Structure formats: C-alpha cells, structure tokens
*Asks:* 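Structure incoming, see below.
None of these values were measured; they are calculated from a predicted model. Order of appearance sets the numbers: ligands from 1, and atoms from 1 within every ligand. Just so you know, these numbers use all the heavy atoms, side chains as well, and skip hydrogens, waters and symmetry mates. For this chain, numbers begin at 1 and follow the sequence in order.
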Amino acid sequence: MSKDIPVINCETDTGWLTVDQARGRILKQVNPVNGYERVAIREGLHRILAHDVISPISVPPYENSAMDGYAVRAADLSNPGDTRLSVIGTAFAGIPFDRLVNQGEAVRIMTGAKLPTGADAVVMQEQVQRDGDNITLTRSHRTGENVRHIGEDIKAGAVVLAQGKIIGPAELGLLASLGVPEITVTRKLRVAFFSTGDELRAVGEPLDDGQIYDSNRYTLHGMLRELGVEMLDMGVIPDDRAAVEAAFLTAAGLADVFITSGGVSVGEADFVKETLEKLGQVNFWKISMKPGKPLAFGRVREAVFFGLPGNPVSVMATYYQFVLPALRKMLGQAQLTSLTFKVVCKTRLKKHPGRTDFQRGILSRDDHDQLVVDATGMQGSHILSGMSRANCFIILPAESGDIEAGSLVEVQPFSSL
Ligand code: AMP
Ligand code: MG
C-alpha cells in the first residue's frame, strides 16, 4: 500500500440523514472508474458504452417496400376510375429490379425489396386485381405510400447510442443493423463482499444452537451478478477485531468497492468503528428509513466502502437505494436511480410518522383492470420471504402516518432495479 494515502480519522455523524441526503452524499463522493475495453457486440450485453456510437450508414440504406405489392408511379394513379398498369418484372428482397419503371408500368415487389427507379409508391397486393401481366387499381394512391425511406430509422453520422447507455437486446440488434462489429465499454467493476457475525454459518454446514444461515452473501451475489460486476465473495468473517481488520485490508486492496453486512448497528458499531478509524475515512449514518437505519459509507485505502446493516431485508433495501446508484455512477451509466410511479393502494397500511418506509408490495391489476398495490404482510426487516413474495417497494414518505385504502402511493418495481 503506498505511503502517501492519508489516514484520516473516522468521522462519526450522529445526526439522522434522509434517504435523499444520504444518496446525494454518496453519489458526490464516487466517480466513474477509469478504463474501458473493446468487445465484440454480443459480449457487450449488459455493459455500458464508454463512447458515443456514430452510425457509419443510414438505415434503411435504400428506399424499400414496407409491403408485398406493386411498385408504381403515384402520378399514374391520380385520376379517379380504374387504372391499368402492365407488370414488367419482380423486385425481391436482396435481388433488385434494375430497370426503369416508366409511365403505365408497375413492378411486383416484396417486403424489404429495393424500390425500382421511377417508382415512388407501393400498392398493397390486396388492393389490386391481377390479370395476366396487367393489374387494375380502383383508387388513387399517394407518393411515398408503403415506402420506407433512406435513413428514416437512423441517419449516417448521427449519434445512435450515447455514452453511458446500457447495452440491451435492442442495442445489440441496432448495432448489428449498422454493421458495427465491436464497441467500447467501461471496464467491469471489482466488488468484494463479506458477512460479519459469529452466529452465521454457510450453507452446507450444520447449525448449532443460536446460529443462523448467512443469507446476505446470497442476496448480494444475486444483486451484483445482475449488474454484471466482477465479484469477490470473501465468506463469513467472525466478530473478531483482527479478522475484521484483515478482511477490510484484503478487500480494499483487491476491489474498487467492498460491501459488508452486519456489525454497523448500535452495540456492534464501536468495534467496527475503531477498526475503520485506523484504516480510512468512513461515516456512520443513521438514515431515517425503514428497514435499513444504520449505514456506514466511506473509503478504506482507495476502495469505496459500504457497511450495510445485518438484517436480510435491510441489506436489499439499502443496496438498492444507495449501493446500486453508486455502482451505476462508477460504471459510467447515465441513469442512476430506478423508476417509481404512483398507484392506488388496495388496503390500509400501518406506518408511524418519522422514517421513509420501503414496504414490500405486490403490484397487480384489480377486477377493473386498474393497477393496484398491496403490502406483503409482516414487514419486519428479517422477513426475507416477504421480499420474495413482493415485486415492488412501496415507498411511503417520512412524514406520512397510516395509509388509507384507496390512497395513491409511490411504488418502485423490482424489475426496474
Ligand atoms: P447486526 O447488524 O450484525 O447486529 O445484525 C442484525 C441482524 O441481522 C441480526 O439478527 C443478525 O443475526 C442478522 N444477520 C446479520 N448478518 C446476517 C447474514 N449474513 N445473514 C442473515 N442474517 C444476518
Ligand atoms: Mg452482527
């Protein structure tokens, strides 16, 4: 470890912070990581663009037909009454018809086929009568009808995907449609994590009296994997000063970010606090949210550190509200926070004024096809089964008391997280 990294005393903030204040402070203190890599577009799925992608071509690259039908000159069809045109050939997708279409002529054309020179509209095959080499049309058609124009999707030279965009299935297709074989994406973040607690056992081990299985490393694994970071699972660290200190140093040396769970609540915090005091600059906050009151955040050596509470639902709630936006910023993503919207609450919800609630909810449609939400029942921060039944957070503002059935409440679908 280099000598010039200052060892700054741990700052203990005894005041309460709102969720927005805490998120704001965190986002101010993290920056996009340096480094990017060139990858084949398929390998870019779920990665973040490090540079704008400029389209090398127009899409569509040539005027083509949106229908199976007949390529015609619209001017031939402007007179009312029946029009007869002679069919002089066929244009297939990939096999253009390379002669001029003159007055009184039409070309049989397939969807996606290049519009022959001279033609400026396509008449659907259902709207013509074919009779040998002739077709009859009974009404007028406008110029450009059923024609896909050059560059109507994307113009050559335009920024088609901006820096910070997440590559999804549509982007893979879009890049392929431009003939782009490779993209530049931000490098993967390295994220280490471990659980703390003498009571924790790993799956596969027998449980003694007073012990529980460690579930936080599994939810963290799932949440981090969905984000596509490189993970370093350091296992369970006992509540032992030397072991915790060694784990903090190892994690800080190996990762851009490390996340712990447990050990930051009152009673345990002093011990962890003392250790962190020696190693970096970390704030211990009380956040006015439920679940997830205690949160430690700062730097240990050069790594960003998140000390999440121990309770399993608190881990997920604080990860989604604080860690995820920070990781998104470090990854260079343009969109940091997740979608929320308001829906009608089906039943009465109990709430004490004071903290922002992140209740676990189920979004569904009622008998009138209206989007509604209901809470999942017991809301304790240890009830992980409720998190599993839920498909959204119901976010109730700090000052609010009980919510009456039929009120509008804010929800954050898990699918947007
Ligand atoms: P702590 O913040 O360490 O006091 O933990 C708060 C509560 O969360 C206690 O009931 C712990 O047993 C529980 N807990 C802590 N870590 C884990 C974990 N990794 N998996 C499941 N429960 C945990
Ligand atoms: Mg503990």
*Asks:* Name the closest protein heavy atom to atom 9 (C) of ligand 1, giving the residue it belongs to and the distance to 0.1 Å.
*Replies:* Glu199 OE2, 4.2 Å
*Asks:* Give the residue, atom name and distance (to 0.1 Å) of the protein heavy atom nearest atom 19 (N) of ligand 1.
*Replies:* Asp214 OD1, 2.6 Å
*Asks:* I need the nearest protein heavy-atom contact for atom 10 (O) of ligand 1: residue, atom name and distance, please.
*Replies:* Asn311 OD1, 4.1 Å
*Asks:* Check whether any N or O atom of Ser215, backbone or side chain, sits under 3.5 Å from an N or O atom of ligand 1, and answer yes or no.
*Replies:* yes
*Asks:* Which residue holds the protein heavy atom closest to atom 3 (O) of ligand 1, what is that atom called, and what is the gap in Å?
*Replies:* Glu268 OE1, 2.6 Å
*Asks:* Would Val122 and Leu115 satisfy side chain to side chain contact (heavy atoms under 4.5 Å, CB included), going step by step from the backbone distance to the final call?
*Replies:* CA-CA 8 Å; Val122 172; Leu115 198 71; 3.7 Å; yes
*Asks:* Applying a heavy-atom cut-off of 4.0 Å, say which part of Leu200 lies close to ligand 1: side chain, backbone, both or neither.
*Replies:* side chain
*Asks:* Any ion pair linking Lys278 and Glu245 (charged N to carboxylate O, less than 4.0 Å)?
*Replies:* yes
*Asks:* Of all the atoms in ligand 1, which lie at a distance below 4.0 Å from a heavy atom belonging to Ser195?
*Replies:* 19 (N)
*Asks:* Does a side-chain N-to-carboxylate-O contact under 4.0 Å join Arg187 and Asp256?
*Replies:* yes
*Asks:* Would you call the rings of His51 and Tyr36 parallel, tilted or perpendicular if under 30° counts as parallel and over 60° as perpendicular?
*Replies:* perpendicular
*Asks:* Using a plain distance cutoff, I'd like to know if Gly310 has any nitrogen or oxygen under 3.5 Å from a nitrogen or oxygen of ligand 1.
*Replies:* yes
*Asks:* Do any nitrogen or oxygen atoms of Pro309 come within less than 3.5 Å of a nitrogen or oxygen of ligand 1?
*Replies:* no
*Asks:* Going by the atom numbers of ligand 1, which of them fall below 4.0 Å from some non-hydrogen atom of Gly263?
*Replies:* 1 (P), 2 (O), 3 (O)
*Asks:* Find all atoms of ligand 1 within a distance of less than 4.0 Å from any non-hydrogen atom belonging to Tyr213, and give their numbers and elements.
*Replies:* 20 (N), 21 (C)
*Asks:* Just go through Asn216, Thr219, Ile212 and tell me whose heavy atom is the nearest to atom 16 (N) of ligand 1.
*Replies:* Asn216
*Asks:* Side chains of Arg328 and Ser338 only: does a donor on one sit below 3.5 Å from an acceptor on the other?
*Replies:* yes
*Asks:* Is the NZ or CZ atom of Lys114 both under 6.0 Å from the centre of the six-membered ring of Phe97 and within 45° of that ring's axis?
*Replies:* no
*Asks:* Return the orientation label for the Phe393 and Phe358 ring planes: parallel under 30°, perpendicular over 60°, tilted otherwise.
*Replies:* perpendicular
*Asks:* Gln321 vs Gln412, test: side-chain hydrogen bond (donor to acceptor under 3.5 Å, both in side chains). Steps then yes/no.
*Replies:* CA-CA 11 Å; Gln321 303 309 321; Gln412 185 172 53; 2.8 Å; yes
*Asks:* Relative to the heavy atoms of Ser265, which atoms of ligand 1 are at a distance of less than 4.0 Å?
*Replies:* 1 (P), 2 (O), 4 (O)
*Asks:* Any salt bridge between Lys351 and Asp402, counting N to O under 4.0 Å?
*Replies:* no
